[in-house]
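Everything below concerns the one structure shown next.
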Amino acid sequence: MSEEKKSLNFIEQIIEEDIKQGFQKENLRFRFPPEPNGYLHIGHTKAIGISFGLGEQYNAPVNLRFDDTNPAKEEQEYVDAIKKDIEWLGYQWANECYSSDYFQQLYDWAVILIKEGKAYVDSQSSEEMAQQKGTPTEAGVASPYRNRGVEENLSLFQRMKAGEFEEGTHVLRAKIDMESPNMLLRDPIMYRILKKAHHRTGTNWVIYPMYDWTHGESDYIEQISHSLCSLEFKPHRDLYNWFRDEVYNYSKNQYPLLPKQREFSRLNLSYTIMSKRKLSKLVDEEIVSGWDDPRMPTISGLRRRGYTPKAIRNFIETVGVSKRENVIDVALLEFKIREDLNKTANRVMGVLNPVKLVITNYPEGKEEVLIAENNPEDEQSGSREVPFSRELYIEREDFKEEANRKYFRLSLGKEVRLKNAYIIKGESCVKDANGEITEIHCTYDPLSKSGSGTEESKRKVKGTLHWVSIAHAVSAEVRIYDRLFSDEAPGSHKEKDFMEFLNPDSLHITKAFVEPSLQNANIGDQFQFQRLGYFNIDNDTSPEKLVFNKTVGLRDTWAKKNK
RNA sequence: UGGCCUAUGGUGUAAUGGUAACACACCGGUUUUUGGUGCCGUUAUUCUAGGUUCGAGUCCUAGUAGGCCAACCA
């Protein structure tokens, strides 16, 4: 038995240390708390992977909690999409929770805070309050309403709840410290008036709790042991603890466990953006076809593109967890999907940029059925039949009249193998008035058939080409994607808008010919088009029209050398 | 002109005071009926300067660089 010592990331170390200090393992509990105001993207997958991963590791419950405290931005559509994405990734939540379920509890606690003189109603405009707040380098000053009496505060807050005031007229603030070096402690707002229908509570409430007041207390109510979030929430930790400790004073019997917030750096991916605001701009301005456009870094986009849950989870695991700012090379994500698909995707033949090839010594009208291996990486995958005939399509790039020794493909006078078929030799080509090649003529060696066992079939020729028989080919639409942005970090430029880096050629649609076995493939099925890349069947496919998405190309050292 | 956080190859992550490791990327070789896959190999004075220590990537101090914080957003 090899006792392999796996290194722990800093969050796992914190948990291990807590356990060592006497924290009961059974009390471990995590949560993933998205706001339902958009679709999940690959960045969220890191947060999902951390919390749900910890849950799997320690056999601890993980709640899915919708942080739905701002009815102006949130919708049921997003709740549904988020649930679907997390399920698709293969994670299971213990409880489906909503911050809005805690509105009454939160309100009751807020009333206690007011009674204890630790919260007050401020009746200024947001501009006035911003003025008094100071700056990171200058202390703030107290609001004129800061010392309002408890009775007045109580009555005002009740009337806010009763809907007696217009939006923007009053807010409830925690009374902490206007001079704190941490801006968040300068009497943060706990409640604001918002006369908007909420996707779950309807019009029951017209005051809504702010993030800081809601989030920590939701963790506390759910008795989350370790509340993990991204680095930008670090300054919120002091406030998280302040609210938590206040509430603990009068709720410790019901809720004995004090949650702990810890922060990790979020994921950035090269050549894309990760902000919901920017992503929704691409959708709104119809730069992409929707949240699930295969070019989008959303989970739904990646899914449609042909990424698998396994590849995404492997990716997240490889990326690791730390507190450093980072930009992950998108090449790592691409490596992970190739790694997965190489093992699982059946190999087929499809020609994307066809040119006609005629085997002049192959009898006219003759047809053969050849046997092709489905996946050399998987013995269980078996084989299939592929029809062969005198006239084929091959890739235009696979023929050159004259070529040097480095070119392993077809040229005049040179031999090459047709995958799973015969060795052929280039003889001549036919051109149109513009000099464009319209037809290539070749001869074949009838004894060289793949797998026939003859001496001729064992001959080594340098190149192997994929092909489809013209008479049997099925036509299909193939959508080929390039990165959405031409810049490595389109969202990080202070002087330039990310939209300036849009790649105008991120989508290329082409008509291709594929082997007939693909005729009956289903939406979502994934294949390796040999020598080209991995492709899946898009949802736009109908009985009349086959549509493929190119998930990712094969590694191509030849193309790289010719750059 | 404040507070907090971070600094290890091109990118990311490890090394828990004791020989800087792994993955991707890159470059080269090898195998191959996919220029794919697999296999092998090359690529680092651990931001700087001091200090503590027998010994520092790791601890301390200062500097430098980057990030976060002034929404009735989350």
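To find a chain, count down the sequence lines: A is the first, B the second, and so on, and within it residues start at 1. If you're wondering where the values come from, they're calculated on a predicted model, not measured in any experiment.
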Would you say A:Arg555 places a side-chain N or O within less than 4.0 Å of OP1 or OP2 belonging to B:U37?
yes
Pairing annotation in dot-bracket form, given for RNA chain B with Watson-Crick or G-U pairs under 3.5 Å and | for cross-strand partners:
.((((((..((((....[..))))..((((.......)))).....(((((..]....))))))))))).....
Assign A:Thr69 to base, sugar-phosphate, or nothing according to its heavy-atom contacts below 4.0 angstrom with the strands shown.
sugar-phosphate
What nucleic acid atoms does A:Val461 come within less than 4.0 Å of, heavy atoms only: base, sugar-phosphate, or nothing?
nothing
How many Å lie between CG on A:Asn374 and P on B:U34, as a whole number?
16 Å
Whole angstroms only, please: what is the CZ-C1' distance between A:Phe10 and B:U16?
15 Å
Could you tell me the separation between the CZ atom of A:Phe315 and the C1' atom of B:U13, rounded to a whole number of Å?
12 Å
Between A:Asp398 (CG) and B:G36 (P), how many Å, whole number?
14 Å
Find the distance A:Arg338:CZ to B:U34:C1' and express it as a whole number of Å.
14 Å
Candidate pair A:Glu377 and A:Asn375, rule side-chain hydrogen bond (donor to acceptor under 3.5 Å, both in side chains), full reasoning:
CA-CA 5 Å; A:Glu377 301 289 320; A:Asn375 186 350; over 6 Å; no
Does A:Tyr211 lie flat on the base of B:A74, that is, centres under 5.5 Å apart and planes under 30° off?
no
Quick one: is the NZ or CZ of A:Arg200 closer than 6.0 Å to the six-membered ring centre of A:Tyr98, and within 45° of its axis?
yes
Heavy atoms only, 4.0 Å cut-off, all strands: where does A:Pro376 land among base, sugar-phosphate and nothing?
base
How would you label the contact of A:Leu8 with the nucleic acid (heavy atoms, under 4.0 Å): base, sugar-phosphate, or nothing?
base
If the cut-off is 4.0 Å, is A:Thr464 near the phosphate of B:U32, judged by side-chain N/O to OP1 or OP2?
no
Relative to A:Tyr534, does A:Lys550 satisfy both conditions: NZ or CZ under 6.0 angstrom from the six-membered ring centre, and within 45 degrees of the ring's axis?
no
Applying a 4.0 Å non-hydrogen cut-off, can you work out what A:Phe335 is touching in the nucleic acid: base, sugar-phosphate, or nothing?
sugar-phosphate
NZ on A:Lys449 to CD on A:Glu456, rounded to 0.5 Å:
14.0 Å
Nearest-Å distance, CZ (A:Arg459) to P (B:U32)?
17 Å
Strictly under 6.0 Å, is that where the ring centroids of A:Tyr422 and A:Phe388 end up?
yes
Does A:Lys323 place a side-chain N or O at less than 4.0 Å from the phosphate oxygens OP1/OP2 of B:C5?
no
Using a heavy-atom cut-off of under 4.0 Å over every strand shown, decide if A:Lys406 touches base, sugar-phosphate, or nothing.
base
Do A:Phe529 and A:Phe548 have ring centres separated by under 6.0 Å?
yes
Once the angle between the rings of A:Phe513 and A:Tyr393 is folded into 0 to 90°, is it parallel (under 30°), tilted (30 to 60°) or perpendicular (over 60°)?
parallel
Taking only the side-chain nitrogens and oxygens of A:Lys560, find out if one of them lies under 4.0 Å from OP1 or OP2 of B:C26.
yes
For a quick check of understanding: with a heavy-atom distance under 4.0 Å over all strands, which category does A:Lys460 fall into, base, sugar-phosphate or nothing?
sugar-phosphate
Sugar-phosphate, base or nothing in reach of A:His236, heavy atoms under 4.0 Å
base
Rounded distance (Å) that lies between atom P of B:G36 and atom CD of A:Gln530
13 Å
Base of B:G10, side chain of A:Glu488 - is there a donor-acceptor contact under 3.5 Å?
no
B:A74 OP1/OP2 closer than 4.0 Å to side-chain N/O of A:Lys73
no
Any donor-acceptor pair under 3.5 Å between the side chain of A:Glu138 and the base of B:U1?
no
If the cut-off is 4.0 Å, is A:Arg262 near the phosphate of B:C5, judged by side-chain N/O to OP1 or OP2?
no
Less than 4.5 Å apart, side chain to side chain, heavy atoms only: is that true for A:Cys442 and A:Leu357?
yes
Remember a base hit wins even if backbone is also touched, and classify A:Lys494 as base, sugar-phosphate or nothing at under 4.0 Å, heavy atoms.
sugar-phosphate
What does A:Phe233 touch in the nucleic acid at a heavy-atom separation under 4.0 angstrom: a base, only the sugar-phosphate, or nothing?
base
Can you tell me if A:Lys419 touches the phosphate of B:U32, counting only side-chain N or O atoms and a distance under 4.0 Å to OP1 or OP2?
no
For A:Ser123 and A:Arg148, does a side-chain donor sit closer than 3.5 Å to a side-chain acceptor?
yes
Sugar-phosphate only, base, or nothing, as touched by A:Ser126 at under 4.0 Å among non-hydrogen atoms
base
Distance-only polar pair, side chains of A:Asn420 and A:Ser450, donor-acceptor under 3.5 Å:
no
Does a nitrogen or oxygen in the side chain of A:Arg531 sit under 4.0 Å from OP1 or OP2 of B:U33?
no
Give the nucleotide from the list B:A15, B:G36, B:C73 with an atom nearest to the side chain of A:Gln13.
B:A15
Base, sugar-phosphate or nothing for A:Arg237? Non-hydrogen atoms, less than 4.0 Å.
nothing
Nucleotide nearest A:Met210 when distance is taken to its side chain, options B:G36, B:C73, B:G2
B:C73
Round to a whole Å and report the spacing from CZ of A:Arg31 to C1' of B:A74.
12 Å
Using only side-chain N and O atoms of A:Thr318, determine if any of them is under 4.0 Å from OP1 or OP2 of B:G12.
no
Base, sugar-phosphate alone, or nothing: which one does A:Gly451 contact when heavy atoms must sit under 4.0 Å apart?
base
State which of B:C72, B:A74, B:G67 makes the closest approach to the side chain of A:Ile189.
B:C72
